2 protein chains.
Amino acid sequence: MQHNPKKINSELNPNVSVDCVIFGFDLEQLTVLLIDRGEISSAFGPRLALPGNLIYDNENLDMAADRVLDELTGLKNIYLEQVGAFGDPDRIHKESDREWLKSIRAEPEARVITVAYYTLVTMSQYKPQASSFAKNADWVPVNEIKELAFDHFEILQAAKEKLKQKIKIQPIGFNLLPEKFTLSQLHRLYESILEKPLDKRNFRRKIQKLDILTSLREKQRGVPHKPSLLYEFNEEKYQELTQTGFDNFGF
Amino acid sequence: MQHNPKKINSELNPNVSVDCVIFGFDLEQLTVLLIDRGEISSAFGPRLALPGNLIYDNENLDMAADRVLDELTGLKNIYLEQVGAFGDPDRIHKESDREWLKSIRAEPEARVITVAYYTLVTMSQYKPQASSFAKNADWVPVNEIKELAFDHFEILQAAKEKLKQKIKIQPIGFNLLPEKFTLSQLHRLYESILEKPLDKRNFRRKIQKLDILTSLREKQRGVPHKPSLLYEFNEEKYQELTQTGFDNFGF
DNA sequence: ATAGCTTTGTGTCAAATTTACACTATCCAA
DNA sequence: TTGGATAGTGTAAATTTGACACAAAGCTAT
């Protein structure tokens with residue numbers, strides 16, 4: 001007798017969800033794309049939450065995160081990194097949380113374990129999608145976020161920490177910037193991720209030594225001060241580097 | 001109508017398991033505690049697997065990992081770090097895998113997502129427990145492991161990598177050593193975790209500068225060569241350090 | 001008791017990296 | 001033309017890294 005794995009697998013898994021910390025950079029500070037759950041929940045707890053959804057039984061975890069991201073932003077092939085699994089049995093305790101879960105088709109009685117991801121997107125490429133919950137999404141500067149629904153604030157902290165560690169080891173920050181950017185923007189980006197000031201000259205020296213920037217012959221326009229040279233990220237050089245193995249990017 | 005969360009929660013969650021990479025150090029090399037799944041599975045695939053089990057609906061993930069660890073080793077309060085969630089829908093594909101899952105009460109048709117942990121234990125404190133599956137557990141040097149059941153080899157690689165990164169940032173290695181140890185043993189430990197040779201004098205200089213070692217007035221006994229001084233890990237100093245924040249331990 | 005084996009324990013110097021720090025150049029706007 | 005704002009640049013001192021060799025201590029076998 002032949003059994004049909006499709007049938008089994010194409011169902012929603014009621015026990016496992018993914019949540020995404022979608023980082024952006026508005027050229028001033030690090031921001032996160034959050035969902036406003038609306039009035040219903042506001043009387044009970046924080047309105048804002050990380051975007052997320054239950055996984056399907058036939059997709060792997062990364063795919064589920066990609067899907068959530070795509071539904072919300074329309075973006076594909078985005079830098080994605082797993083933060084970890086979060087699963088306190090009492091992580092969903094408020095009535096408003098149960099209501100919310102019903103609205104995304106989850107069984108509110110069941111315990112849900114969530115696998116958290118963080119992603120890095122270029123904010124200027126983001127266009128809100130038509131999907132129901134995407135309408136209420138908005139960017140919020142990370143250091144203005146004081147609380148989130150469920151255990152999402154905890155997840156956010158963990159994601160920030162992971163990002164901090166990662167950027168000391170690999171130049172992933174470019175995923176947050178437009179194609180052309182200035183050294184000052186890159187500088188501010190590093191400062192806002194690491195949450196500490198970095199000496200301008202030392203930063204520039206260090207980043208230049210990596211030899212993954214291509215200086216364009218183009219300047220900033222329309223700024224009320226000396227215009228900056230624009231740079232491009234040089235993917236080839238970066239590939240070379242990762243081959244030969246590099247580690248130290250410590251700020 | 002009152003519902004009883006206990007009833008719901010005390011059941012096994014058929015969809016989520018934890019697997020533990022239990023690291024030990026035999027004073028020569030890094031080892032991992034593996035389960036031998038026995039003859040039944042040997043015809044189909046690797047006999048060796050990471051210890052793991054389904055989680056209960058009323059325990060959080062860390063607790064589940066602690067439980068697995070306790071059942072297997074009798075050890076409590078062990079250094080525990082999450083590696084991440086692994087959940088390819090096809091991670092269980094062999095008939096032998098299904099048999100094995102049945103034996104630990106899992107539903108073999110269901111997709112299982114596993115949350116992987118690594119733990120650091122002092123090998124000399126380990127005494128095999130009476131539990132059924134613990135009888136077939138044994139230490140295997142990490143660099144002799146070429147394959148494991150399910151996706152456990154992949155998990156092992158990820159755990160090794162995490163450990164490598166972590167030990168560059170925090171002196172967690174002491175969890176793998178007995179209370180009293182020599183600098184040479186610590187040295188070999190770092191080499192086997194980082195999988196590269198470290199200059200003896202430079203290593204000693206660096207580790208001493210951290211100021212978290214207490215030199216005992218005691219020497220090694222019964223070794224056929226110049227006996228080494230014994231050292232102790234100084235937890236107080238370490239706490240001080242972590243407060244003031246320290247990062248750089250890079251080798 | 002001695003010779004030989006094995007591992008411990010130690011210092012220095014050159015090179016590279018890190019840190020701290022201030023002024024001129026360029027563009028826009030008034 | 002002046003004032004405001006940010007871009008862009010160099011150096012010197014301190015610290016850290018990396019490379020490298022030999023005497024001391026205990027055990028074993030003769």
Side-chain angles (χ1 to χ4, degrees), chain A residues 25-29 167-169 171 177-178 180-192 194 196-211 213-232 241 244-251, chain B residues 26-29 167-169 171 177-178 180-192 194 196-232 241 244-251:
Chain A
F25 180 62
D26 64 9
L27 304 186
E28 287 292 336
Q29 51 191 333
I167 207 171
K168 288 179 182 173
I169 293 178
L177 289 167
K180 299 172 181 182
F181 53 87
T182 72
L183 286 186
S184 294
Q185 289 164 354
L186 187 59
H187 182 202
R188 266 178 246 126
L189 174 57
Y190 270 79
E191 287 187 326
S192 54
L194 296 173
K196 69 179 181 195
L198 302 172
D199 181 86
K200 181 166 57 160
R201 280 180 283 195
N202 293 341
F203 175 81
R204 289 164 107 97
R205 175 166 21 106
K206 206 159 186 174
I207 208 88
Q208 303 261 26
K209 185 142 46 102
L210 283 182
D211 199 28
L213 294 183
T214 307
S215 155
L216 304 175
R217 301 225 164 272
E218 196 179 344
K219 286 181 183 174
Q220 252 182 335
R221 296 204 43 107
V223 287
H225 56 260
K226 175 173 176 179
S228 172
L229 269 177
L230 289 170
Y231 288 80
E232 241 179 16
L241 258 191
T244 66
F246 84 110
D247 253 326
N248 223 354
F249 210 57
F251 285 98
Chain B
D26 63 10
L27 305 187
E28 289 291 335
Q29 51 192 332
I167 207 171
K168 289 179 184 175
I169 292 178
L177 289 167
K180 300 171 181 182
F181 53 85
T182 71
L183 286 186
S184 294
Q185 289 163 355
L186 188 58
H187 183 203
R188 264 176 245 127
L189 173 58
Y190 271 79
E191 287 187 326
S192 54
L194 296 173
K196 71 179 180 194
L198 302 171
D199 181 85
K200 182 166 54 158
R201 281 182 283 193
N202 294 341
F203 174 81
R204 288 163 108 98
R205 180 181 1 132
K206 205 159 187 176
I207 207 89
Q208 303 261 24
K209 186 145 42 106
L210 282 182
D211 198 29
I212 50 173
L213 295 183
T214 307
S215 156
L216 304 175
R217 300 224 166 273
E218 196 181 343
K219 286 180 183 177
Q220 253 182 334
R221 295 207 41 110
V223 287
H225 56 262
K226 174 174 178 177
S228 173
L229 270 177
L230 290 170
Y231 288 81
E232 240 178 17
L241 258 191
T244 66
F246 86 110
D247 252 326
N248 220 354
F249 210 57
F251 283 99

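Just so it is clear: chains get the letters A, B, ... in the order the sequence lines come, proteins before strands, and each one is counted from 1. Everything numeric here is computed off the predicted structure, so don't read it as measured data.
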- B/R204 vs C/dG9: side-chain N/O to OP1/OP2 distance below 4.0 Å: yes

- Please give, in whole Å, the distance from D/dT17 P to B/F203 CZ? 13 Å

- Distance in angstrom units between B/H225 NE2 and C/dC5 C1', rounded: 11 Å

- Item | Separation of C/dC21 C1' from A/R205 CZ (nearest whole Å) | 12 Å

- Message: Please pick, from D/dG26, C/dG9, D/dA5, the nucleotide with the shortest atom-to-atom distance to any side-chain atom of B/K200.
- Response: C/dG9

- Message: From C-beta outward on B/R201, which listed nucleotide comes closest to its side chain: C/dT10, D/dT9, D/dT17?
- Response: C/dT10

- In whole angstrom, what separates B/Q208's CD from C/dG11's P? 12 Å

- Starting from P on C/dT7, measure out to CG on B/L186 and report it in whole angstrom. 18 Å

- Message: Taking 4.0 Å as the cut-off, does a side-chain nitrogen or oxygen of A/K206 come that near to OP1 or OP2 on C/dT17?
- Response: no

- Note on the structure: Of D/dG26, C/dC28, D/dT6, the nucleotide closest to the side chain of A/P224 is C/dC28

- Determine yes or no for a side-chain-to-main-chain donor-acceptor pair under 3.5 angstrom, with B/H187 supplying the side chain and B/L198 the backbone. yes

- Message: When you measure from the side chain of B/Q208 to the backbone of B/R205, do you find a donor-acceptor pair of N or O atoms at a distance under 3.5 Å?
- Response: no

- Task: Could you state the atom-to-atom distance from NE2 of B/H187 to P of C/dT10 in whole Å?
- Result: 15 Å

- Item | Distance below 4.0 Å between B/S228 side-chain N/O and C/dG9 OP1 or OP2 | yes

- Query: Taking all non-hydrogen atoms of both residues, which atom of B/L183 and which atom of B/S228 are closest, and how far apart?
  - Reply: N-OG, 4.5 Å

- D/dG18 C1' sits how many Å from B/K209 NZ, rounded? 13 Å

- Select one nucleotide: of C/dA20, D/dA7, D/dG8, the one nearest the side-chain heavy atoms of A/L229. D/dG8

- Reckon A/S184 has a side-chain N or O less than 4.0 Å from the OP1 or OP2 of D/dA7? yes

- Item | ring-ring contact (aromatic ring centres under 6.0 Å, His included) between B/Y231 and B/F181, worked out | CA-CA 5 Å; B/Y231 288 81; B/F181 53 85; 7.1 Å; no

- Message: Using heavy-atom distances to pick each residue's nearest nucleotide on DNA chain D, tell me which of A/P227 and A/N202 is more 5'.
- Response: A/P227

- Query: Within the side chain of B/R188, is there an N or O that forms a donor-acceptor pair under 3.5 Å with the backbone of B/L27?
  - Reply: yes

- Item | Side chain of B/K226 - closest among C/dT26, D/dA7, D/dA24 | D/dA24

